[in-house]
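Right, one structure below, let's go through it.
Naming convention: chains lettered A, B, ... in sequence-line order (proteins, then strands); numbering from 1 in each chain.
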Number of protein chains: 2
Amino acid sequence: MPANILLVEDEPAIQELIAFNLVQAGHHVLRASTAEVALTLVKNALPDLVLLDWMLPGASGVEIARKLRADERTRQIPIIMLTARSEEQDKVQGLEAGADDYITKPFSPRELLARIKAVLRRRAPQMTDDAVEVKGLRLDPVTHRVQGNGETVDLGPTEFRLLHFFMTHAERVHSRTQLLDQVWGDHVFVEERTVDVHIRRLRSALEPTGHDGLIQTVRGTGYRFSAQG
Amino acid sequence: MPANILLVEDEPAIQELIAFNLVQAGHHVLRASTAEVALTLVKNALPDLVLLDWMLPGASGVEIARKLRADERTRQIPIIMLTARSEEQDKVQGLEAGADDYITKPFSPRELLARIKAVLRRRAPQMTDDAVEVKGLRLDPVTHRVQGNGETVDLGPTEFRLLHFFMTHAERVHSRTQLLDQVWGDHVFVEERTVDVHIRRLRSALEPTGHDGLIQTVRGTGYRFSAQG
DNA sequence: AAAAGCGGTTACAGAAATGTGACACTTCAC
DNA sequence: GTGAAGTGTCACATTTCTGTAACCGCTTTT
């Protein structure tokens with residue numbers, strides 16, 4: 001099973017090497033060289049796994065791990081630490097900061113892939129995605145249900161993902177391109193107008209509960225999910 | 001949170017050292033020096049975690065791990081491997097045999113405890129032997145019986161485990177992969193569509209009592225057992 | 001006012017996911 | 001052995017979802 005992996009590594013050569021192996025194994029790779037970029041990327045792309053270098057310019061890996069664990073949405077994302085030497089102190093700190101595993105450089109591609117597989121496998125049963133609620137509209141990823149004012153809304157897969165993305169990224173305008181990247185996946189080739197159609201489907205599905213107005217059109221830009229008028 | 005830990009280690013000095021640290025941290029420790037004793041103890045005591053030495057007289061650690069993963073009752077118990085050197089081959093094999101983590105000797109007590117904590121934290125909730133009842137459908141693991149509205153339903157082993165899992169994890173959506181991991185065991189290689197077939201068999205078995213329908217299809221995601229519509 | 005741009009809406013065919021029945025194979029009790 | 005029961009796969013049927021195109025009305029430009 002391919003996964004979206006965020007690779008945080010400042011050394012270009014190493015970054016390239018690791019990324020190559022990950023892609024080779026069928027994973028989709030995002031890259032970051034600094035802590036700042038890494039944090040932004042995580043929140044926007046919500047990867048399945050973060051490969052985090054221990055030594056970084058600016059904030060250290062542990063610091064990043066702490067911040068990720070502090071945020072509601074990024075809390076469940078597994079982290080694998082890349083440590084330079086077998087310094088036990090580092091390992092322990094990494095684990096306590098919330099890393100799910102660590103691996104000591106240098107490592108073989110096989111080992112790295114095995115670790116990734118193991119971490120992803122044991123994360124699956126947890127699936128502690130938290131429910132979101134806005135203005136009486138409630139979406140629960142765990143039960144895969146959407147309810148508003150007593151009514152239970154029936155959504156198709158794409159509509160569900162779309163609404164989920166909207167609710168977890170409310171009050172912000174998203175272009176059609178951004179929505180395609182985030183909800184459909186940034187590798188697919190789909191017409192932008194398709195987004196409109198799904199917006200329409202989602203709106204009419206939400207109509208019975210009266211929550212359709214939460215999805216607003218921003219002419220010339222895109223769409224926005226907002227609790228405000 | 002104190003836990004029951006089975007320590008499998010043939011070197012008396014090391015065994016003593018580790019056990020001391022575990023007890024110090026408030027854990028309850030069982031010990032075994034050979035593979036044979038280890039397997040017996042696991043099945044009788046059902047510990048929360050197994051600390052498994054890589055090198056053992058007789059069967060190797062990997063072998064034990066495989067056997068534990070093959071048994072119904074011990075399948076869920078997390079395993080942490082203790083490897084002597086940082087031999088990458090070992091790590092990979094250990095992970096592939098079903099170990100949840102490994103740690104390289106020598107290690108600090110702090111590190112070991114951090115690992116144990118991490119592994120226990122993500123452990124899947126265990127199944128109980130208590131009878132479950134939802135909407136008049138009653139499943140008793142002890143008598144191995146399922147009854148609904150006076151009717152007694154006859155289920156095959158897999159159907160029974162499947163229903164049991166559903167009833168103890170109601171309202172949540174489970175992907176086919178998760179169901180395979182939880183009901184079949186995460187070591188087996190079975191087609192995902194097989195789940196569909198068993199869902200169908202379970203549904204038609206429950207039909208006489210009118211309790212099919214509790215098993216709902218969530219298109220694009222998996223299945224859900226729910227008392228709600 | 002005409003033209004161009006933009007989004008809403010609908011219809012529909014192809015794609016994808018799931019339901020269903022059949023079958024070969026294994027296991028186990030007798 | 002032999003037959004019953006259980007299991008995993010497959011092929012096919014059925015249902016549902018999805019992407020596009022086409023058309024419409026409204027708004028902004030020219």
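For C/dA17, neither phosphate oxygen OP1 nor OP2 lies less than 4.0 angstrom from any side-chain nitrogen or oxygen of B/Thr217.
Rounded to whole Å, atom P of C/dT18 lies 13 Å from atom CZ of B/Arg224. Atom-to-atom, CZ of A/Arg176 to P of C/dG8 comes out at 7 Å; the value is rounded to the nearest Å. Rounded to whole Å, atom P of C/dG8 lies 11 Å from atom CD1 of A/Ile215. Across the protein-nucleic acid pair, B/Phe160 atom CZ and D/dA5 atom P stand 19 Å apart, rounded to whole Å. As rounded to whole Å, 14 Å separates atom C1' of D/dT14 from atom CZ of B/Arg200.
Less than 6.0 angstrom separates the ring centroid of A/Phe160 from the ring centroid of A/His144.
No side-chain N or O of B/Ser226 forms a donor-acceptor pair with one of B/Arg172 less than 3.5 Å apart. Donor-acceptor pairing under 3.5 Å is recorded for the side chains of B/Glu192 and B/Thr177.
If you check residues 202-211 of chain B against DNA chain D, you find no residue with a heavy atom closer than 4.0 Å.
Using a 4.0 Å heavy-atom cutoff across all strands shown, A/Tyr223 reaches sugar-phosphate atoms only and no base atom. Using a 4.0 Å heavy-atom distance criterion, A/Val188 is classed as making no nucleic acid contact.
Between B/Leu202 atom CG and B/Glu207 atom CD the span is 11.5 Å, to the nearest 0.5 Å. In this structure, CD on B/Gln216 lies 11.0 Å from CD1 on B/Ile199, to the nearest 0.5 angstrom. Separation of atoms CD1 (A/Ile79) and CG (A/Leu6) is listed at 10.0 Å; rounding is to 0.5 Å. Between B/Asp196 atom CG and B/Arg203 atom CZ the span is 9.0 Å, to the nearest 0.5 Å.
Counting non-hydrogen atoms of neighbouring residues, nucleotides and ligands closer than 6.0 angstrom, the CZ atom of A/Arg161 exceeds 12 such neighbours. Within a 6.0 Å radius of CG in B/Asn149, other residues, nucleotides and ligands contribute more than 12 heavy atoms.
For the helix from C/dA1-D/dT30 to C/dC30-D/dG1, the terminal axes (five pairs an end, C1' atoms, rotation from four pairs onto the next four) enclose an angle of 20°, given to 10 degrees.
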Scan nucleotides 17-24 of chain D nucleotide by nucleotide, 5' to 3', and note B when protein non-hydrogen atoms come under 4.0 Å of the base, S if they reach only the sugar-phosphate, - if neither.
SBBBB---
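A parallel orientation is assigned to the rings of B/Phe166 and B/Phe225, their planes being inclined by less than 30° (bins at 30° and 60°).
The shortest distance between side-chain heavy atoms of B/Glu171 and B/Gln228 falls below 4.5 Å.
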